Asker: 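Encoded as structure tokens, here's the structure I'll be asking about.
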Amino acid sequence: MGAEPLPSRGDAPPPPVHVAIIMDGNGRWAKARSLPRTAGHRQGAKAVRRVVRAAGELGIGYLTLFAFSSENWRRPDDEVSELRGLLRLYLRNEIAELHANGVRLRVIGDRDRFGPETVRLIEDAEARTRANAGLQLTIALSYGGRAEIVAAARRLAEEARAGRIDPAAIDEAAVAGRLFTADIPDPDLLIRTSGEQRVSNFLLWQIAYAEMVFTDTLWPDFTRVELEAAVAAFHGRERRYGGVKG
């Protein structure tokens, strides 16, 4: 995908309501520069700051970033420790700016695995920004799409056993209403960086009709220009949602 900016026209179409990004390529960015993988993660954190700011400026309503998968716990201990430290640093240093810009932050996934200090920082950040009406920023941490669907199914089973819901009444809306993202719209656009073309267990239910854009750009090099290019590609798609347009 070429990195061409959006046209600056008064009649330009509105941006997608919800953009989700699989942030990939930190390790390869570092390897190409003969640096440790942790250097790539630090540079990737700077890309997060750039893209959050750009998304707000472009009028995107919801931005969901895949920061740490449930499978990432299998990585070497020193790398996991660095990632956890970067998360705590982000929560301490960025929340004031997010709050000042009207951004609401929420975290989905198994946050408890990060330990009590990180959980406290997450809860404080969510509470501080909860009333903000600007960009709705969701960070997926220790997250897996299959586990999310299983959790929703388990919750429905428990409700059915308790007599609070009729199993015959369980439909797509019932499942969607018990996902971590129940109160936000499904993504319109999914972006994955680094040239990989797979969804890696990310928002499996929610991206059923998302347009997908894959870019060779490594996440630490991702800028507003690449985000605008992905949005421009989105505008070039014909979205039929399984139907046919005459």
Side-chain angles (χ1 to χ4, degrees), residues 16-27 40-41 44-52 55-56 60-75 79-80 82-91 94-95 98 103-115 118-119 121-126 129-130 135-152 155 175-194 196 198-208 210-214 219-220 222 227 230:
V17 173
H18 185 176
V19 175
I21 305 179
I22 300 174
M23 305 181 295
D24 193 19
N26 291 348
H41 295 311
K46 295 180 181 179
V48 170
R49 186 180 304 116
R50 290 195 302 268
V51 170
V52 169
I60 293 167
Y62 298 82
L63 178 66
T64 300
L65 303 177
F66 199 10
F68 193 92
S69 76
S70 51
E71 290 79 20
N72 286 158
W73 292 105
R74 304 171 189 164
R75 293 186 176 187
E79 184 176 352
V80 171
E82 172 75 11
L83 286 166
R84 294 172 72 176
L86 280 172
L87 172 60
R88 289 192 295 270
L89 189 66
Y90 183 86
L91 291 168
E94 301 295 325
I95 297 307
L98 293 176
V103 176
R104 178 183 178 183
L105 174 71
R106 71 184 78 195
V107 171
I108 60 174
D110 185 8
R111 65 181 64 181
D112 290 339
R113 291 195 66 176
F114 288 91
T118 302
V119 169
L121 289 169
I122 291 171
E123 291 174 346
D124 289 348
E126 289 179 328
T129 63
R130 183 167 291 122
L135 175 69
Q136 305 293 290
L137 173 63
T138 301
I139 306 292
L141 294 171
S142 191
Y143 170 88
R146 288 182 173 180
E148 179 184 23
I149 295 170
V150 167
R155 183 175 171 186
V175 176
R178 288 155 180 83
L179 297 174
F180 300 148
T181 56
D183 59 341
I184 65 177
D186 290 342
D188 303 291
L189 171 62
L190 173 70
I191 303 169
R192 181 167 187 150
T193 61
S194 87
E196 302 292 345
R198 56 181 180 271
V199 298
S200 295
N201 200 20
F202 182 48
L203 300 180
L204 296 180
W205 179 281
Q206 297 90 333
I207 61 172
E211 298 297 327
M212 299 185 186
V213 171
F214 301 102
W219 176 248
F222 197 87
L227 180 59

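Atom set for the values below is all heavy atoms of this structure, side chains included, hydrogens, waters and symmetry mates excluded. What you see is a predicted model, and the numbers here were worked out from it, not measured in a lab.
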Asker: If we ignore angles and hydrogens, is there a donor and acceptor under 3.5 Å between the side chains of R106 and T129?
Answerer: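 Side chains of R106 and T129: no pair found under 3.5 Å.
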Asker: Taking side chain to side chain contact (heavy atoms under 4.5 Å, CB included) as the definition, give me every residue that meets it alongside D112, ordered by chain and number, with sequence neighbours left out.
Answerer: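 For D112 the side chain to side chain contact (heavy atoms under 4.5 Å, CB included) partners, ignoring immediate neighbours, are D110, V119.
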Asker: Taking side-chain hydrogen bond (donor to acceptor under 3.5 Å, both in side chains) as the test, write out the residues that go with T64, two or more places apart.
Answerer: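 Result, side-chain hydrogen bond (donor to acceptor under 3.5 Å, both in side chains) vs T64: H18.
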Asker: Mind checking salt bridge (charged side-chain N to carboxylate O under 4.0 Å, His left out) for D124 and listing every partner two or more places apart, or none if nothing turns up?
Answerer: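 Expected list: R120.
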Asker: What are the two closest heavy atoms between W73 and R113, and how far apart are they?
Answerer: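 Scanning both residues completely, I find the closest heavy atoms to be CD1-NH1, 3.2 Å.
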Asker: Among all residues two or more places apart in sequence or in another chain, which pass the side chain to side chain contact (heavy atoms under 4.5 Å, CB included) test with A125?
Answerer: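 L91, I95, L105.
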Asker: Within the structure provided, determine whether D186 and I207 are in side-chain contact (heavy-atom separation under 4.5 Å).
Answerer: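 No - every pair of side-chain heavy atoms lies 4.5 Å or more apart.
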Asker: Hey, are the side chains of R178 and E148 touching, using non-hydrogen atoms and a 4.5 Å cut-off?
Answerer: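 Result no, sub-4.5 Å side-chain heavy-atom pair not found.
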Asker: For E126, which residues count as a salt bridge (charged side-chain N to carboxylate O under 4.0 Å, His left out) partner, sequence neighbours excluded?
Answerer: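 R111.
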Asker: Apply the test side-chain contact (heavy atoms from CB on, under 4.5 Å) to residues Y62 and V19: give CA-CA distance (whole Å), side-chain angles for both, the deciding distance (0.1 Å), then the verdict.
Answerer: CA-CA 6 Å; Y62 298 82; V19 175; over 6 Å; no
Asker: For R88, enumerate each residue passing the salt bridge (charged side-chain N to carboxylate O under 4.0 Å, His left out) test, keeping only those at least two apart in sequence or located in another chain.
Answerer: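 Expected list: none.
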Asker: Checking V150 now: which residues fulfil side chain to side chain contact (heavy atoms under 4.5 Å, CB included) with it, not counting sequence neighbours?
Answerer: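 Testing V150 for side chain to side chain contact (heavy atoms under 4.5 Å, CB included), a comparison that skips the adjacent residues, returns R154.
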Asker: Between CE of M212 and CD1 of I22, what distance do you get to the nearest 0.5 Å?
Answerer: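 It is 8.0 Å, given to the nearest 0.5 Å.
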Asker: Go through it in stages, so that I can follow the logic: the residues are D24 and R198, the test is salt bridge (Lys or Arg N to Asp or Glu O under 4.0 Å), and I'd like the CA-CA distance, side-chain angles, deciding distance and then a yes or no.
Answerer: CA-CA 11 Å; D24 193 19; R198 56 181 180 271; 5.3 Å; no
Asker: Specify the closest pair of heavy atoms between G177 and A182, including all atoms of both residues, with the distance to one decimal.
Answerer: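 What the structure gives for the nearest pair is O-CB, 3.3 Å.
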Asker: Can you name the salt bridge (charged side-chain N to carboxylate O under 4.0 Å, His left out) partners of R50, sequence neighbours left out?
Answerer: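 Salt bridge (charged side-chain N to carboxylate O under 4.0 Å, His left out) list for R50, sorted by chain: empty.
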Asker: side-chain contact (heavy atoms from CB on, under 4.5 Å) for V48 and W219? Distances and angles first, verdict last.
Answerer: CA-CA 9 Å; V48 170; W219 176 248; 3.9 Å; yes
Asker: Please round to the nearest 0.5 Å and tell me the distance separating atom CG of N26 and atom CD of E79.
Answerer: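 N26 CG to E79 CD: 9.0 Å, rounded to 0.5 Å.
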Asker: Assess the residue pair R192 and S200 against the criterion (side-chain contact (heavy atoms from CB on, under 4.5 Å)); give the C-alpha distance rounded to whole Å, side-chain angles, the decisive distance to 0.1 Å, and a yes or no.
Answerer: CA-CA 10 Å; R192 181 167 187 150; S200 295; 2.6 Å; yes
Asker: Restricting to side chain to side chain contact (heavy atoms under 4.5 Å, CB included), what partner residues turn up for A140, sequence neighbours left out?
Answerer: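 Applying side chain to side chain contact (heavy atoms under 4.5 Å, CB included) to A140 gives F66, I108, Y143, F202.
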Asker: Quick one: does L63's side chain get under 4.5 Å of V52's, heavy atoms only?
Answerer: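 Side-chain contact under 4.5 Å: yes.
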Asker: Any chance you could measure F68, atom CZ, to L83, atom CG, to the nearest 0.5 Å?
Answerer: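 Output value for this atom pair is 6.0 Å.
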Asker: Applying side-chain hydrogen bond (donor to acceptor under 3.5 Å, both in side chains), can you list everything that pairs with R104, at least two apart in sequence or on another chain?
Answerer: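 Expected list: none.
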Asker: Output all residues satisfying side-chain hydrogen bond (donor to acceptor under 3.5 Å, both in side chains) with R146, sequence neighbours left out; order by chain, then residue number.
Answerer: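 Expected list: none.
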Asker: Ignoring hydrogens, what is the shortest heavy-atom contact between W205 and A176? Give both atom names and the distance.
Answerer: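 What the structure gives for the nearest pair is NE1-CB, 3.9 Å.
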Asker: Taking only residues two or more places apart in sequence or in another chain, which ones pass side-chain hydrogen bond (donor to acceptor under 3.5 Å, both in side chains) with E94?
Answerer: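 Residues passing side-chain hydrogen bond (donor to acceptor under 3.5 Å, both in side chains) with E94: R49.
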Asker: For A67 and N72, work out which heavy atoms get closest and say how close.
Answerer: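 Closest approach of A67 to N72: O-OD1, 4.4 Å.
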Asker: Taking the side chain as every heavy atom from C-beta outward, state whether I21 and L190 have any atom pair closer than 4.5 Å.
Answerer: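 They are not in contact (no side-chain heavy atoms under 4.5 Å apart), so the answer is no.
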Asker: Between atom CZ of R84 and atom CG of L89, what is the distance when rounded to the nearest 0.5 Å?
Answerer: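 Answer rounded to 0.5 Å: 15.0 Å.
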Asker: Between atom OG of S70 and atom CG of N201, what is the distance when rounded to the nearest 0.5 Å?
Answerer: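 That separation rounds to 6.0 Å.
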Asker: Looking at every non-hydrogen atom in both residues, tell me the closest pair between L203 and P187 and how far apart they are.
Answerer: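 Smallest heavy-atom distance, with atoms named: CD1-CG, 3.9 Å.
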Asker: What are the two closest non-hydrogen atoms of V17 and P185, and how far apart are they?
Answerer: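 Answer, listing the atom of V17 first, then P185: CG1-CG, 4.0 Å.
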Asker: Enter the distance from L65:CG to T138:OG1 here, rounded to the nearest 0.5 Å.
Answerer: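 Rounded to the nearest 0.5 Å, the CG-OG1 separation comes to 8.5 Å.
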